[in-house]
Structures are given as structure tokens and as C-alpha cells.
J.: 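Sharing a structure, written as C-alpha cells. Questions coming.
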Amino acid sequence: MLKKFFMCTLAMMLIFSLLLTGCSKKEKEPATNVEEPGTNNDNAKGDSTESEGELDFVKLTYYFANSPVEDLKRINDLANKTIKEKINAEVEYKLLDWSQYAQKLNLMISSGEPFDMAFCGSWGEMNYFQNAASGAFLPLDDLLDKYAPVSKSRVPDQIWDGVKVNGNIYGVVNYQVWGMANARGIQLRQDLVDEFGFDWKSIKKWEDITPYLAKVKEKYPDMVGMEYARDVDNFAGLPTIYGMDAVGDTKLVGWVKVGEDKVNVINQYKTDEYKEYLKVFRDWYQKGYIKKDAATQKDISADRKANRVAAIYANAIPDMVDMPELSTFTMMSMSPDKKSYTRRFTEPFISASAPSATVITIGANSKNPERAMKYIELVNTDDFLFNTLTWGEEHVDYERISDKQIKVLDDAPYKFNYNEWQMGQSYGRYWWDQNADVEMREKSLGIVYEYDKTAQASPVIGFVFNSEPVKTEIANCNTVLDKYLSALGSGTVDPDEVLPKFLKELDKAGAEKIIAEKQKQIDEWLKANGR
């Protein structure tokens, strides 16, 4: 399924960024005061680099999501050679399809099934904050300090604040080098835009792409016009587009509007912005611009790989108005054969949910949490290990073009589907051959880092919602959201008929109590911080 969300902003959403590549040694230092990391293993300091000869051998598990990955066992075995040598451990990479991942993770948590590490985030149905508050994950503060000092030092303090629950860190941030600020927008297939003569530069909101989608439907009726998936609802997963920001897990009731004098928590599903969104997507669904099974579809990778998707949401920073030359290498996510045009709807913004978009958690029932944290530090500082997991084996899955650039072989047995943001911090990763212009790449990163300096920040960045007082209401509301959200958000059902039922059931489930609790905690937090 989709994958580049979030990173950091995840990503959230994480999951479909234009900036699919890592940072070279010569790249500009991010404006977030993260020290430029070396890509030499000798740079890792602390207990994680001491001799491991006296450690008992252990086996670890890491659960993550992806569409099917061919030849994973070969790469798993290859990675374990490094892992065993460095920390006397082996890791079993437990891949689950995106369509099953959140359900499986939550089932393991509810049943108490042990696991060492699992990818998580505050988007979709993974519910990072709720699960952390319920005791599903271990607090990691001491483990980070002792066993992962480099991983911790790369991430600004304010981002660590964004993954704290009740004052403790529960997820190691997979901090990516494309910065904190996000802009949300649209990504359109360049060949179709050119064929139709569509004026993509004038796009400012969803409905502006309606003429483009109409042409796609007319000329290519079997193509997916606008992408939609349960895990990334184009409203619930993208509050920035609508001038709002989430407080805690993004789909849960209780957002704040940005730019107001007072921080007020509201039910985002009762806003005019949500009604307008539903109107647009219902119209698109009825006209066949959205797949008929969109409400139940979780894994969208098959359509992307087959180049059947004409438009997807994008983290469009910088977009191609900022930097027109991006057209030489911006690709539709997971479809490297098709270039795209990207246009942002919003100004760059640093959201409160960005830190929790892509994290690695350690299970509360893990028998080897210290070694798990040693592994996280290792994958973040050992470039060979990171690149092996994300690109495979040299001469088998890719060929090296230069020190930092590779070409993925057409017949590569191992295809990881550009999901490297689930595996760790991507500072030392290779550039793939589609991002061949190094000078352009550095220019784009410079724009991103400048936005980090100037972008408006969320009024609740650094605030972490304690869900414990309303955990019953949250569980009840999540049941209602699972029942209605995708059907409404994909345009599958008539909002005039279904939206009132949805809102009524949310209220019955305790939505207003959740909103009141969020408001109370935010008011206390603002007062305590002199705001």
C-alpha cells in the first residue's frame, strides 16, 4: 500500500513523498538543528558500539507493512550476517500486507502476544497514541539514552516531544532528511496532463482537478481517476488541507483550527470544510472517478505499480511551481515509469502529528528490549545494513552508479517498494537512478530546509493528549469511525443521508466528552507553558 506518508509528517503519513531519496554527505544541514550525520559506522557512539562478544545470542522480531516483497528471506539472511556480527542477534522481518497490518498489530496488542519491534504511526488505524497510553509499548527514554545515542541526537527535542505520552517516549522517530514542514496537494500524471492540455498550475483545491478527472474517465475508462484508501482518508488523514490540525491520532474527533487567537478543539466532522469535501468526493464517485470498492480497499500498490492511477494526494514540498525543473524526476509514487506534476494546496506547515507519522515501537512484552534498541541504533547508523534492507544486494538487485547512486535492476528479485521510511532514519541511503541530478536534488532539499525555518507551526506542537480519561469513549468512537468514515470519505454513500447518522452515533459514543477532555488538557498545557 502506500507508503511514503509520513514521514515525518507523515506520516504520516506517512507515506508517498516526492522526496524518495536520502541525504548526501555534502547536503545542507537541516534547519531543525539536527547535526549532519556521518554515514560512517564509526560515528555511532555509546554502548551500541562496544564489543558484543559477551552478549548472549538472541532472536528479535520486527513487524512492518508492505505489499508483497519478493525474495525477502534472502535479504533477511544477508542482513542478519551484519546484525549478528555487530550485536550478536538476528532479526526476523515479519512483513504483513497493508490491508492486514493495523488489524494484526492491534490484535497482537489486545491479546498480549509478544513482539520485539513494530512499525507504528498516528494515522490510519495504527493508533500510536492510544496504544502507547494503553501500555502496548515500552517507554524508551532510558533505552534511547543508553543504546541509541546517535538516533536520538539526530532528532530535534520538539519532535521527541511530539511522540511522548504522559511524559515518556514510546516510539523511535524514523526522522527523514526532507525536514519537518509539509505542504499538502495533488500529484497528476504528467503524460495525461500534457495530453489533455490541463492547466495544473492553477490548481488550489480538490474540485479544480475535476476537468482532468473527467478527461481521464472519457479516454481511459479503466484507469483509477482519484486514489482513495481506508488508511489515508483524504479528509481525516490530511487536516492541513482544511486549515486544521489533529490532536493525537488524526482520524479521532477533536481537531483545532489554525490561525485563530484561541486554541479551540472542535469536531472536525461537523465543519463546513468536511461537508464540502464530502460533496466533491461524492460527485467524483458517482461519475466513476473513484473506484467502486474504494471504501474497502486498503492495499493500493497494485494499481500504482500498474500505472493505473491518474491522481494521488501528495506531500508537495517543494512543488513544481516552486521548482519547475522537478519535472525531470518527480515520479508517481511507486510507479517510476510515469513522471508527474505536483501542486500544493497549502503553504508549508509544521503539524503536531508529524513526529508520530513514522516510528518504531518496542513491545511491552518484549524479552529483549535492550537488544531491540541496539538493533534500532545499528540500522540507523550502519549504511550497509539499511541499504541492504531497502534496496537489496548489489549486482543482484541493483548496480552502483556512484558512491551514493544506484540503478534498480529491471529483473531484481528483491523489490521493497520504496518503503524505506519504515526501516529507520534514512540519512545514509542510496539515491535511485531516477533522481540522477545531484545539483537539483540539493536545491530541492535547500528549499525544504528553508521552509523549516519559516513555516507556520501548529498551535499544539509539543502537546501530547493523554487519552486515558476517555479511553472508553475513544474505543466507542473508533467503532463508529470504522463503520462510516471510509464510506463517506470515498464518496460511496450519500452524505445528505449518512452524515447525520454518523454525527449522531459519534455523539452517542462520547465525541463531545473527548473534545472537552482535549480542550481541558490543552488549556492546562498552554497555561503551564505561559502561552
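Positions are given from 1, in the same order as the sequence printed here.
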J.: Enter the distance from Q521:CD to L526:CG here, rounded to the nearest 0.5 Å.
T.: 12.0 Å

J.: When you look at W200 and V321, which way does the side-chain contact (heavy atoms from CB on, under 4.5 Å) test go after all the steps?
T.: CA-CA 10 Å; W200 62 272; V321 171; 4.1 Å; yes

J.: Is there a donor-acceptor contact under 3.5 Å linking the side chains of T210 and W284?
T.: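 Side chains of T210 and W284: pair found under 3.5 Å.
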
J.: One thing to verify: whether K219 and E195 come together as a salt bridge, which I'm taking to mean a side-chain N less than 4.0 angstrom from a carboxylate O.
T.: yes

J.: In Å, rounded to the nearest 0.5 Å, how long is the span from CD1 of I312 to CG of L188?
T.: 9.5 Å

J.: Does atom NZ of K292 have more than 12 heavy-atom neighbours from other groups under 6.0 Å away?
T.: yes

J.: Establish, yes or no, whether a centroid distance under 6.0 Å links the rings of Y285 and Y289.
T.: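 They do not qualify: ring centres at least 6.0 Å apart.
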
J.: With ring centroids as reference points, do Y128 and W123 lie under 6.0 angstrom apart?
T.: no

J.: Does D245 pair with K257 as a salt bridge, N-O distance under 4.0 Å?
T.: no

J.: For the atom pair CG (L506) and NZ (K483), what is the distance rounded to the nearest 0.5 Å?
T.: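 The distance works out to 11.0 Å.
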
J.: Start with the C-alpha distance between Y242 and W255, add both sets of side-chain angles, then the distance that settles ring pair (Phe, Tyr, Trp, His ring centres under 6.0 Å), and finish with yes or no.
T.: CA-CA 11 Å; Y242 311 97; W255 288 3; 7.2 Å; no

J.: Less than 4.0 angstrom from a charged side-chain N to a carboxylate O is my criterion; do K339 and D191 meet it?
T.: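 Here K339 does not pair with D191 in a salt bridge, since their nearest N and O are not under 4.0 Å apart.
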
J.: So, Q422 versus N419: side-chain donor-acceptor pair below 3.5 Å or not?
T.: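 The answer is yes; a qualifying pair exists.
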
J.: Between F119 and Y63, is the gap from one ring center to the other below 6.0 Å?
T.: no

J.: Can we say K205 and E276 salt-bridge, meaning some charged N sits less than 4.0 Å from an Asp/Glu carboxylate O?
T.: no

J.: Using distance alone, with no hydrogens and no angle criterion, decide if N127 and N106 have a side-chain donor and acceptor under 3.5 Å apart.
T.: no

J.: So which atom in E420 and which in T390 form the shortest heavy-atom distance, rounded to 0.1 Å?
T.: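 Heavy-atom minimum between the residues: CB-CG2, 3.2 Å.
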
J.: Quick one: are L488 and Y269 in side-chain contact, heavy atoms under 4.5 Å?
T.: no

J.: Using distance alone, with no hydrogens and no angle criterion, decide if Q187 and S340 have a side-chain donor and acceptor under 3.5 Å apart.
T.: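 Yes, a side-chain donor-acceptor pair sits under 3.5 Å.
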
J.: How far does OH of Y341 sit from CG of L192, to the nearest 0.5 angstrom?
T.: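 Taking OH in Y341 and CG in L192, the distance rounds to 11.0 Å.
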
J.: Could you go through Y277 and I241, starting from their C-alpha distance and side-chain angles, then the distance that decides it, and tell me whether this counts as side-chain contact (heavy atoms from CB on, under 4.5 Å)?
T.: CA-CA 11 Å; Y277 162 81; I241 287 181; over 6 Å; no

J.: Determine whether the aromatic ring centres of residues Y398 and W391 are separated by less than 6.0 angstrom.
T.: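 For W391 and Y398, the ring centres are not under 6.0 Å apart.
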
J.: Is there a side-chain contact (heavy atoms from CB on, under 4.5 Å) between S351 and I461 once you walk through the steps?
T.: CA-CA 7 Å; S351 68; I461 195 166; over 6 Å; no

J.: Would you find more than 12 non-hydrogen atoms of other residues, nucleotides or ligands less than 6.0 Å from Q103 atom CD?
T.: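 Counting neighbours around CD of Q103, 12 or fewer heavy atoms of other residues, nucleotides or ligands fall under 6.0 Å, so no.
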
J.: Looking only at the side chains, is there a donor atom on one of T479 and D482 sitting less than 3.5 Å from an acceptor on the other?
T.: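 Result is no, nothing qualifies.
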
J.: Have N131 and Y170 got a donor and an acceptor in their side chains that come within less than 3.5 Å?
T.: no

J.: Flag the pair F198 / P211 as yes when at least one side-chain heavy-atom distance between them is below 4.5 Å, and no otherwise.
T.: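 With C-beta onward as the side chain, the pair touches.
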
J.: How close do I350 and A455 get, counting heavy atoms only, and between which atoms?
T.: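 That would be CG1-CB, 4.1 Å.
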
J.: Taking NZ, NE, NH1 and NH2 as the nitrogens, is one of them in K279 or E207 under 4.0 Å from a carboxylate oxygen of the other?
T.: no

J.: Take Y274 and F235, measure what ring pair (Phe, Tyr, Trp, His ring centres under 6.0 Å) needs, and give me the verdict at the end.
T.: CA-CA 7 Å; Y274 188 51; F235 180 87; 4.6 Å; yes

J.: Please give me the minimum heavy-atom distance between T361 and G171, naming the atom from each residue.
T.: CG2-CA, 4.3 Å

J.: Under a 4.0 Å N-O cut-off, is there an ion pair linking D507 with K270?
T.: yes

J.: Using a strict cut-off of less than 4.0 Å between a Lys/Arg side-chain nitrogen and an Asp/Glu carboxylate oxygen, indicate whether E227 and K291 qualify as a salt bridge.
T.: no

J.: With distance as the sole test, does Q268 use its side chain to make a donor-acceptor pair with the main-chain N or O of L252 at under 3.5 Å?
T.: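 Yes, the answer is positive, given that a donor and an acceptor are paired below the 3.5 Å cut-off.
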
J.: Enter the distance from E517:CD to I522:CD1 here, rounded to the nearest 0.5 Å.
T.: 10.5 Å

J.: Please report the C-alpha distance between M323 and T342 in whole Å, then the side-chain angles of each, then the deciding distance to 0.1 Å, and finally whether the side-chain contact (heavy atoms from CB on, under 4.5 Å) criterion is met.
T.: CA-CA 10 Å; M323 192 174 167; T342 60; over 6 Å; no

J.: Please confirm whether the backbone N or O of A310 pairs with a side-chain atom of Y212, one donor and one acceptor, at under 3.5 Å?
T.: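 Present.
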
J.: Centres of the F502 and Y484 rings: under 6.0 Å?
T.: yes

J.: Taking all non-hydrogen atoms of both residues into account, name the closest pair between I474 and S467 and its distance.
T.: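 Of all heavy-atom pairs spanning I474 and S467, the closest is CD1-CB, 3.4 Å.
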
J.: Check D322 with R344, please: is the shortest side-chain N to carboxylate O separation under 4.0 Å?
T.: yes

J.: What is the minimum heavy-atom distance between S486 and R230, and which atoms define it?
T.: OG-CG, 3.3 Å

